[in-house]
Number of protein chains: 2
Amino acid sequence: MTSTRMAVRRRAHSGAVTLKDVAERAGVAPITVSRALNAPDSVSAALRAQVEEAVSALGYVRNQYAGALASAASRIIPVIVPSLSNAVFIEVIQGIQQVLEEAGYQPLLGNTQYDLDRESKLVATLLGWSPAGLIVAGMRHAERTRTLLRGYGRPLVEIMELGARPIDMNVGLSHVRAGETMGQHLVERGYRQIGFIGGRLKQDYRAAQRYRGLDQALAAAGLARRPPFEHDQKSSAQVGGNALMATLEAAPELDALFFANDDLAVGALLRAQREGIVVPARVAIAGFNGLEISALTTPPLTTIVSPRQQIGEIAARKLLGRIQGHASGPARIDVGFRLEVRAST
Amino acid sequence: MTSTRMAVRRRAHSGAVTLKDVAERAGVAPITVSRALNAPDSVSAALRAQVEEAVSALGYVRNQYAGALASAASRIIPVIVPSLSNAVFIEVIQGIQQVLEEAGYQPLLGNTQYDLDRESKLVATLLGWSPAGLIVAGMRHAERTRTLLRGYGRPLVEIMELGARPIDMNVGLSHVRAGETMGQHLVERGYRQIGFIGGRLKQDYRAAQRYRGLDQALAAAGLARRPPFEHDQKSSAQVGGNALMATLEAAPELDALFFANDDLAVGALLRAQREGIVVPARVAIAGFNGLEISALTTPPLTTIVSPRQQIGEIAARKLLGRIQGHASGPARIDVGFRLEVRAST
DNA sequence: CTGAAAGCGCTTACAG
DNA sequence: CTGAAAGCGCTTACAG
């Protein structure tokens, strides 16, 4: 007794409504549905209407994987940042998101946690999404990351800082010059014992660049140079307040403090107030970023304003420009910064 | 004269290294490479080594689209929030990201900008990624969104607030009770003319719920009830300061103000200080969220601490639990809140 | 303007 | 443990 068996091959099949279902209902070929959806003008009004009816009747949702696989093009743009707990990157991401979304692209967030090995793995994974382009914070990468990105060959923007050798495009500002500018300001104001406070400067190397700029300014003015007063915690107002107290105890001769960022500096300012330390009479305090709250403290904080959201917007626009094939200006854009002198110095 | 033409069909082809390339180099079938990568134990050590060599020699990166299409399973988890300019959602996202990433899932960020129509479109688009599950902030949705989500049938967590009828799972806290708790606190402290300040309460309906809770507490205490003092701007410290001044001018009889969130309340506190308005002697100030900085102002701010990052973590864990098929406790989790009484009231 | 065929790069379901 | 075949749901490249 032989039994005839039909080879019934079953596949995962999501059970979702497909193009084919829509096509059947509309009485057209699947490709026509595809056209009606992707290039409505290339289809007659009558068919377009039938397709639209079928799409909404069936609740059709395009399968992004099938589309991207078939066309070898995706609207994914990975955005790789070192941290999400820093307001700065959030604002950059906001700028990016706004621009990308309008153009129908999806940002895919990657968080390296200031770890270049993690970055490398992230990049490898994210390239599997055949992204139309990428945005990466920072210009320091593992060699392997660099190789991957170069080999990938699609548009890439490195953001936040400026570098001599971008892999492709570059949008940011010079943190060394920002630090130098603040240093010159403090010197001009007459401060003579100037210190820098920051955390994890090996990882947050842009903060280290600001320190370097400050140091150059101090050297140029013939003033005492000091290593940074470094702590080992994530920046926060609380940490800034503690750092202020610790530093003034360790080096009471200081008459001005440049904090690595406004989170720290605002915290220092609030702490000074609680402790009765008069700013700037006892010690001047300065920050970096230009967070909104820095203008509202008593005294308001002298800081350097960086155009964070704008960095995101410009980077996204440059990327889209290249993706869509039209030239988009120079490969390297210095967005600059602005020294905001307020009463804390 | 007839010419024979080979039908040379060309396709987009990304030019990237594929499984097939790896298989050829390793001298095995593509499916073996797939196995060596996805289930290493199912392949002999020798072949595994050959495959690994080929993968790294060629720099192979898995094509996520092909994989997801073939297996009808993706490791994408859309996370839909109403805003990115609010620190609260950032912290929630951080919690989610941490948990998802460890498990090898990718969050895909959607921003509704407090617009339920946008939300609906976003959900439709994001479902095209065949997500393994979804996380959505809020329990108010357009009917169409609800239909899409119900129809999709995969695990879903609605977060931030608690509702009687979650579509699937629910992780959050009761904003009405939070408002009520603050109201009772202010009443107990002896304040008698208590106002609520917030913006865009139609959209930010969770803030409106806190107002409602406050109003209930005032009613229960037999105190004067007032409509909220509403402005039309995004919450920020600057806006909070302005709202303080405007409200005290409009209603000088007020002796306590409950702000919709800490961004506003901290701004009000800083502004009061600059203007010489003594808190809480002239007017008490309270907030909601428990942002770090609220503890550092002078006076420090009385507020309600919500476990933001925890909401994200719990939501992500519950989702993964369901995705991976093991039960994961109750469908509804009240993460609670904590009244933090400080010197501003 | 419309369609039949082939293919994108994987994984599933069988088979041995 | 390993592999040949089929299929996931789209779009490209032709053809008419």
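Below, chain A is the first sequence line, B the second, and so on; all start at residue 1. Just so you know, these numbers come straight off a predicted model, no measurement behind them.
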How many whole angstroms separate atom [atom1] of [X] from atom [atom2] of [N]?
{"X": "R35(B)", "N": "dA13(C)", "atom1": "CZ", "atom2": "C1'", "value": "10 Å"}
{"X": "L127(A)", "N": "dG9(C)", "atom1": "CG", "atom2": "P", "value": "16 Å"}
{"X": "Q64(B)", "N": "dC10(D)", "atom1": "CD", "atom2": "P", "value": "19 Å"}
{"X": "Q50(A)", "N": "dC1(C)", "atom1": "CD", "atom2": "P", "value": "15 Å"}
{"X": "L19(A)", "N": "dG3(C)", "atom1": "CG", "atom2": "P", "value": "13 Å"}
{"X": "Y65(A)", "N": "dT11(D)", "atom1": "OH", "atom2": "P", "value": "15 Å"}
{"X": "L69(B)", "N": "dG7(C)", "atom1": "CG", "atom2": "C1'", "value": "12 Å"}
{"X": "L37(A)", "N": "dT12(D)", "atom1": "CG", "atom2": "P", "value": "13 Å"}

Between [X] and [N], is there a contact of a side-chain N or O with OP1 or OP2 at under 4.0 Å?
{"X": "S71(B)", "N": "dC8(D)", "answer": "no"}
{"X": "S34(B)", "N": "dC10(C)", "answer": "no"}
{"X": "N63(A)", "N": "dC8(D)", "answer": "no"}
{"X": "Y60(A)", "N": "dC10(D)", "answer": "yes"}
{"X": "T32(A)", "N": "dG3(C)", "answer": "yes"}

Of all the heavy-atom pairs spanning [X] and [Y], show the shortest one and how long it is.
{"X": "W129(A)", "Y": "I76(A)", "value": "CB-CG2, 4.0 Å"}
{"X": "A137(B)", "Y": "E119(B)", "value": "O-OE2, 4.3 Å"}
{"X": "I314(A)", "Y": "I333(A)", "value": "CG2-CD1, 3.9 Å"}

- prompt: Taking a pair as Watson-Crick or G-U wobble with both distances under 3.5 Å, which nucleotide is matched to dC14(D)?
  reply: dG3(C)
Sidechain-backbone polar pair: R332(A) side chain, G163(A) backbone, donor-acceptor under 3.5 Å: yes
- prompt: Would you say the side-chain atoms of S74(A) pair up with the backbone N or O of A68(A), donor to acceptor, closer than 3.5 Å?
  reply: no
- prompt: Hey, which of these two, D41(A) or P30(A), hits DNA chain C nearer its 5' end, going by closest nucleotide?
  reply: D41(A)
message: Within the 4.0 Å heavy-atom criterion, would you say R62(B) contacts the bases, only the backbone, or no part of the nucleic acid?
response: sugar-phosphate
message: Need one value for A29(A): base, sugar-phosphate or nothing, where a base atom within 4.0 Å counts as base even if backbone is also close, heavy atoms only.
response: sugar-phosphate
Please pick, from [options], the nucleotide with the shortest atom-to-atom distance to any side-chain atom of [X].
{"X": "S44(A)", "options": "dC1(C), dC10(C), dG9(D)", "result": "dC1(C)"}
{"X": "A70(A)", "options": "dG9(C), dG3(D), dC8(C)", "result": "dC8(C)"}
{"X": "V43(A)", "options": "dT12(D), dT2(C), dC10(C)", "result": "dT2(C)"}

statement: In K318(A), R150(A), R322(A), the residue satisfying side-chain hydrogen bond (donor to acceptor under 3.5 Å, both in side chains) with D168(A) is R322(A)
- prompt: Which residue lies toward the 5' end of DNA chain D, S42(B) or V33(A), if each is placed at its nearest nucleotide?
  reply: S42(B)
